[in-house]
Amino acid sequence: MSALSYLATRRSEIASEISGIESMRKGTLNAQYQQVKHKNGDVVQKGPYFVLTRKSAGGKTVSKSISAKDAPRVQAEVDNYKRFRDLSEEYVDVCEKLSILTDSDDEGKKN
């Protein structure tokens, strides 16, 4: 398989993978715990409490509480965003390489 053919196939695969991502969220999902001291002196750890943290458009950090039952879904959405970002970068790289190869082929045909 030629480099041009491989890159064109990979570009299509990446586009297909991206279109398969149905939901995503930016940010990081963290599990937080609280230590509570009882009157008798016992220290008990409570949690986890889930918090989604991300940067807003203005650059401020925004946090949102997430219920324990929603945490697995939200984590999957965060993972989907990371996958989308990686695929997008790869898509740009593949398209750029295709452009360079196409330019090289066009120059060879002119001679």
Side-chain angles (χ1 to χ4, degrees):
M1 179 182 287
S2 71
L4 195 61
S5 175
Y6 169 77
L7 290 170
T9 300
R10 184 63 191 137
R11 180 180 58 190
S12 295
E13 291 170 351
I14 295 168
S16 178
E17 283 186 62
I18 288 173
S19 69
I21 298 173
E22 294 186 15
S23 62
M24 65 177 97
R25 290 188 195 212
K26 285 184 179 183
T28 304
L29 185 65
N30 296 303
Q32 297 180 346
Y33 297 86
Q34 287 183 335
Q35 289 190 358
V36 179
K37 189 172 184 178
H38 288 241
K39 289 181 183 178
N40 66 4
D42 291 345
V43 177
V44 178
Q45 189 172 16
K46 291 191 171 194
Y49 301 100
F50 295 95
V51 178
L52 178 67
T53 306
R54 64 176 179 84
K55 293 283 185 181
S56 69
K60 292 187 177 190
T61 300
V62 178
S63 297
K64 179 181 178 189
S65 294
I66 304 295
S67 69
K69 74 174 184 70
D70 290 338
R73 178 183 49 82
V74 172
Q75 183 60 58
E77 291 170 346
V78 168
D79 293 343
N80 283 345
Y81 174 72
K82 290 175 183 174
R83 181 68 181 143
F84 170 79
R85 192 180 58 217
D86 292 344
L87 287 168
S88 296
E89 288 178 17
E90 185 181 358
Y91 189 85
V92 170
D93 290 343
V94 167
C95 288
E96 186 175 32
K97 289 175 184 174
L98 276 168
S99 296
I100 291 168
L101 283 174
T102 303
D103 289 346
S104 297
D105 288 350
D106 290 345
E107 288 176 14
K109 292 177 184 177
K110 291 179 183 176
N111 291 333

### Query
To which residues is F50 joined in a hydrophobic cluster, defined by side-chain heavy-atom contacts under 4.5 Å among Ile, Leu, Val, Met, Phe, Trp and Tyr, whether direct or through other members?
L29, L52, I66, V74, V78
### ILVMFWY network linking V94 to I18, side-chain heavy atoms under 4.5 angstrom
yes
### Query
Of all residues at least two apart in sequence or in a different chain, which pass the side-chain hydrogen bond (donor to acceptor under 3.5 Å, both in side chains) check with R83?
E17
### Pairs involving residues 42-70, ordered by first then second residue, that meet salt bridge (charged side-chain N to carboxylate O under 4.0 Å, His left out) (sequence neighbours left out)
D70-R73
### Query
Nearest 0.5 Å, what's the CD1-CG distance between I21 and N80?
5.5 Å
### Message
So for atom CD, which belongs to Q45, do other residues, nucleotides or ligands contribute more than 12 heavy atoms lying within a distance under 6.0 Å?
### Response
yes
## Note on the structure
dist I100:CD1 -> C95:SG (nearest 0.5 Å) comes out at 11.5 Å
### Query
What pairs with V92 under side-chain contact (heavy atoms from CB on, under 4.5 Å), at least two apart in sequence or on another chain?
none
### Query
How many angstroms lie between atom CD of E77 and atom CZ of F84, to the nearest 0.5 angstrom?
14.5 Å
### Task
Output every pair passing side chain to side chain donor-acceptor pair (under 3.5 Å) with a member in residues 84-96, not counting sequence neighbours, ordered by first then second residue.
R10-E90
### Message
Checking S2 now: which residues fulfil side-chain contact (heavy atoms from CB on, under 4.5 Å) with it, not counting sequence neighbours?
### Response
L4, S5
### Query
Honestly curious: do I14 and Y81 fall in one hydrophobic cluster under the side-chain, below-4.5 Å linking rule?
yes
### Task
Please report the closest heavy-atom contact between L98 and A8, naming both atoms and the distance.
CD2-N, 3.9 Å
### Task
Not counting sequence neighbours, which residues clear salt bridge (Lys or Arg N to Asp or Glu O under 4.0 Å) with D79? List them please.
none
